[in-house]
Amino acid sequence: MEVVDALIRVIVCGASGRMGSEVIRAVCREPDMELVGAVDPAQAGSDAGVVAGLKPLGVPVVEDIGTLLGQTQADVMVDFTTPHAAPGNARTAIAYGVRPVIGTTGINEADQKEVEDLCNRRRLGGVIAPNFAIGAVLMMRFAATAAKFFPAVEIIELHHDGKLDAPSGTALTTAELISRARETTTYEVAKPRVEKLAGVRGGEFLKGIRIHSVRLPGLVAHQEVIFGGDGQTLTIRHDSISRASFMPGVVLAIRRVVELDHLVYGLDRLIFG
Ligand code: NAP
């Protein structure tokens, strides 16, 4: 495996999006990283720095990752695009020996598995993380701990109205972790005898874990996990109030992925091992 000993050369897919432009600003702040490419059909031809609200960087935004990697050496590709675009971007990056760090959510399991297999076969690092906010990772860990004591739980996730997928990847991962932590315990969800509005009790995940998705302008990314017990409730809540909240996690993943020889799923694996 190639050892990266100089600046980590980063390309950003989805460069002109809400997350992609934040990633460009974060990469430009890090002394051990260099932005060497930016991909986004929406702003092809523009300077990546200008797109991210910085001074010009001399890095043009291009339409297609394949063309870029044919001309540019890179160590890491960060992807915040769409569930449709991200698997193809990852396949191309891996073919060029570039490690994918994928934050795009809503990618189906088969595509995730394919990206994982491609990385592992080439002994190339990779990260797929549905939530790069360190506070959210802690929220999920605390929820998994509480689940051992409180079998009754509901998850409410709240996001901006531009989010394409529902429920969020974080809500699904939280439900998965809670379900695993409860092991043999199942919980019969209280259902209303009369449901006056279809879907009003949210969607049911494994073992009776209900998820409710709220979409409103003004929100960024928020989640509440509410546990109920006899005479008590426990609420664990995390709020990303700006997209800057995701950047320490993204920067950590860029640094760690160059040391890995396989794909890791979830920021928690990078933080807690
Ligand atoms: P966004 O503002 O819509 O940005 C996505 C950008 O990707 C758009 O500019 C889009 O261009 C571009 N794009 C589409 N196809 C592309 C391709 N093949 N190559 C390169 N760029 C392409 O969305 P966002 O709010 O930044 O969110 C992006 C993703 O990150 C979503 O899946 C979201 O759920 C996820 N997210 C993850 C985290 C996390 O912590 N993991 C946090 C926040 C958001 P067009 O507009 O022309 O399609």
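Keep in mind the model is a prediction, meaning the values are calculated, not measured. Whatever order the structure lists them in is the order used to number ligands and atoms, beginning at 1. Count residues from 1 along the sequence.
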Which pairs of donor and acceptor atoms, one on a side chain in residues 131-149, lie under 3.5 Å apart (sequence neighbours left out)?
from: Asn131; atom 1: OD1; to: Ala133; atom 2: N; distance (Å): 2.9
from: Asn131; atom 1: ND2; to: Thr170; atom 2: OG1; distance (Å): 3.0
from: Thr145; atom 1: OG1; to: Arg141; atom 2: O; distance (Å): 3.1

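Donor-acceptor pairing under 3.5 Å is lacking for the side chains of Lys163 and Ser213. When only modelled atom types and interatomic distance are considered, His222 and Asp239 share a side-chain donor-acceptor pair under 3.5 Å.
Listed by first and then second residue, the side-chain hydrogen bond (donor to acceptor under 3.5 Å, both in side chains) pairs involving residues 243-252 are Ser240-Ser245 (not counting sequence neighbours). Within the structure, salt bridge (Lys or Arg N to Asp or Glu O under 4.0 Å) pairs that include any residue of residues 213-223 comprise Glu157-Arg215 (at least two apart or interchain).
Listed by chain and residue number, the protein contacts of ligand 1 are Gly14, Ser16, Gly17, Arg18, Met19, Val39, Asp40, Pro41, Ala42, Phe80, Thr81, Ala85, Asn89, Gly103, Thr104, Thr105, Ala129, Pro130, Asn131, Phe132, Lys163, Phe246 (heavy atom within 4.0 angstrom).
A salt bridge does not link Arg210 to Glu154: none of the charged nitrogens lies less than 4.0 Å from a carboxylate oxygen.
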